[in-house]
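Reading through the structure tokens given below for one structure.
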Number of protein chains: 2
Amino acid sequence: MDNNTEPMTDENAQGRIRLENIERIMKAAEKVFAGNGFRGATTAAIAEEAGLPKANIHYYFGTKAKLYRAVLDDIIALWLSSFREIGEEDDPATTLADYIRAKMELSQHRPNASKVFANELIRGAPRINKYLSTELKEWVEAKAAILDHWIAEGRMAPVDSERLLFHIWVMTQTWADFEAQWAAVLGRKNGLQPADFDAATDAITTMVLRTCGLVPVLPRSS
Amino acid sequence: MDNNTEPMTDENAQGRIRLENIERIMKAAEKVFAGNGFRGATTAAIAEEAGLPKANIHYYFGTKAKLYRAVLDDIIALWLSSFREIGEEDDPATTLADYIRAKMELSQHRPNASKVFANELIRGAPRINKYLSTELKEWVEAKAAILDHWIAEGRMAPVDSERLLFHIWVMTQTWADFEAQWAAVLGRKNGLQPADFDAATDAITTMVLRTCGLVPVLPRSS
DNA sequence: ATAAATCTTGACCGTTTGGTCAGGTTTTGT
DNA sequence: ACAAAACCTGACCAAACGGTCAAGATTTAT
């Protein structure tokens, strides 16, 4: 009745070996896709990175496109789960600082996820346009509305709330996506260190809080 | 004596046809590399984009790698030429606002150049590491020193000057590199419009000037 | 124990890739 | 006018590509 190659109809939790291999392949795929984009990545390179024969990759995922789709879905799920719920009654300064820190930790610990996403965006986002124009759009509009509410209540200075969110997003993201550039410019020959991420987090937080009038700005140093 | 395929030893300005074709090919190559990265781009796609037979591309540039190198060098030259000289006696607010506007205009009018560069950075910048760790590093250090000088004189608020420059760079760059994301989130079905670039320029400028204490921040709207 | 289900993989296939080349056409210098 | 230089390109090639498959090895359920 079912000519499906893979065992088990729906994606359920069965199979120890299966789960282990899928995880290993997806981790390898994330790395190779991050460094080469969809077209530039080869199934042979993914197989070598995973330490498995190429045919094994196709046994679990069928095609390169399906594997890429799986990697993208995994990243989007990670993104969505990392968005802490924000309420109108929360404190603006704490909320913004927490969000910046959470995004910076993602950049530091899952840089390849960020790079796969960045690659997709540069290419015009053909496969994630639906996600961008639905879920992400709604998330941005909801959060911007909360910022506007805080502004209307006089709890923070007037800002272009949507652009503020965009720019927070990109300032945090850059420490993963363009790490090579910042490491080179800062002279870090072994890549960025934890202290670099801390310094970046501080700089972004200061910038955002000053912009929102949530921290005093000293015009003179002495 | 010389088995060089190409005519003319050094790259001189001779040959009307040559110059026209080289420009046409490089423009097409920039577009295809921007949308696919180095590995994902094919010489056939570049040829089609340029409206020339594939063999013609190889006649002028030899290999895909040399063509890519030429495109990168062209972009770096554009980058360097766009860095207006900044002096210690200049006005901080005007200088920062001018720099932001200049970078935004590059993002708006040469998005493919920006995307090729971004692709290269995501891949770990194997071919431009030297540029990043020499010329760009020196540029950043020199400009950061001027900001620090302004801070020491009390002409602007204390900031982490290097990170400020990085974050200005990335906020302006994102409107080219990740245009697809912002267009989707903003609901612009025909891509970003000039007004979107103006709004972004304003938002970035406000953010930077407030961060540097160069503009009053109103904590209340009414 | 044993059979069904699952996993493994070397060998293979048709297509696409970057690159070559011979032989022709056009442009240029005198 | 005419030869030399530059330009053009269809046809071709070896290598790399995504994907397939059959036959065997291993795990699992009973």
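Below, chain A is the first sequence line, B the second, and so on; all start at residue 1.
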Would you mind reading off the distance between A:I25 atom CD1 and D:dG19 atom P, rounded to a whole angstrom? 14 Å
Can you sort out which residues in residues 26-45 of chain B have a heavy atom within less than 4.0 Å of DNA chain D? Ascending by number, please. B:R39
Interatomic distance, A:K54 NZ vs C:dT9 C1' [rounded to whole Å]: 12 Å
Out of C:dC7, D:dG19, D:dT9, whichever nucleotide has its closest atom nearest the side chain of B:Y59: D:dT9
What is the separation between atom OH on A:Y60 and atom C1' on D:dG18, rounded to the nearest whole Å? 20 Å
Could you state the CG-P distance from B:N56 to D:dG10, rounded to the nearest angstrom? 10 Å
Can you give me the N/O atom pairs linking the protein to nucleotides 23-27 of chain D at distances under 3.5 Å, or say none if there are none?
none

To the nearest Å, how far apart are B:L52 CG and D:dG10 P? 11 Å
May I ask you to verify if any side-chain N or O of A:N21 is less than 4.0 angstrom from the OP1 or OP2 atom of C:dT6? no
Residue-phosphate contact under 4.0 Å: B:R18 side-chain N/O, D:dA6 OP1/OP2: no
N/O donor-acceptor pair under 3.5 Å between A:R188 side chain and A:A183 backbone: no
What is the ring orientation for A:F33 with A:Y68, classed by angle as parallel under 30°, tilted 30 to 60°, or perpendicular over 60°? perpendicular
Could you tell me the separation between the CD atom of B:E48 and the P atom of D:dG10, rounded to a whole number of Å? 14 Å
Among B:W169, B:W79, B:Y99, whose ring pair (Phe, Tyr, Trp, His ring centres under 6.0 Å) with B:W139 holds? B:Y99
Starting from P on C:dG19, measure out to OH on B:Y68 and report it in whole angstrom. 15 Å
Is the side chain of B:N129 donor-acceptor paired with the backbone N or O of B:P126 at a distance under 3.5 Å, no angle test? no
So does B:K64 reach the base of C:dG19 with its side chain, donor to acceptor, closer than 3.5 Å? no
Would you find a donor on one side and an acceptor on the other, under 3.5 Å apart, between the side chain of B:K143 and the backbone of B:S161? no
Tell me the interatomic distance from A:I22, atom CD1, to C:dT8, atom P, rounded to whole angstroms. 11 Å
Just by modelled atom types, is the A:A41 backbone N or O under 3.5 Å from a matching donor or acceptor in the A:K64 side chain? yes
Option among B:I204, B:T172, B:D98 that satisfies the side chain to side chain contact (heavy atoms under 4.5 Å, CB included) test with B:K103: B:T172
Quick one: does A:S133's side chain have a donor or acceptor within less than 3.5 Å of a partner on B:V185's backbone? no
Residue A:H58, side-chain atoms from C-beta onward, closest of D:dG18, C:dT9, D:dC7: D:dG18
Relative to the ring of B:F117, is the ring of B:Y131 parallel (under 30°), tilted (30 to 60°) or perpendicular (over 60°)? perpendicular
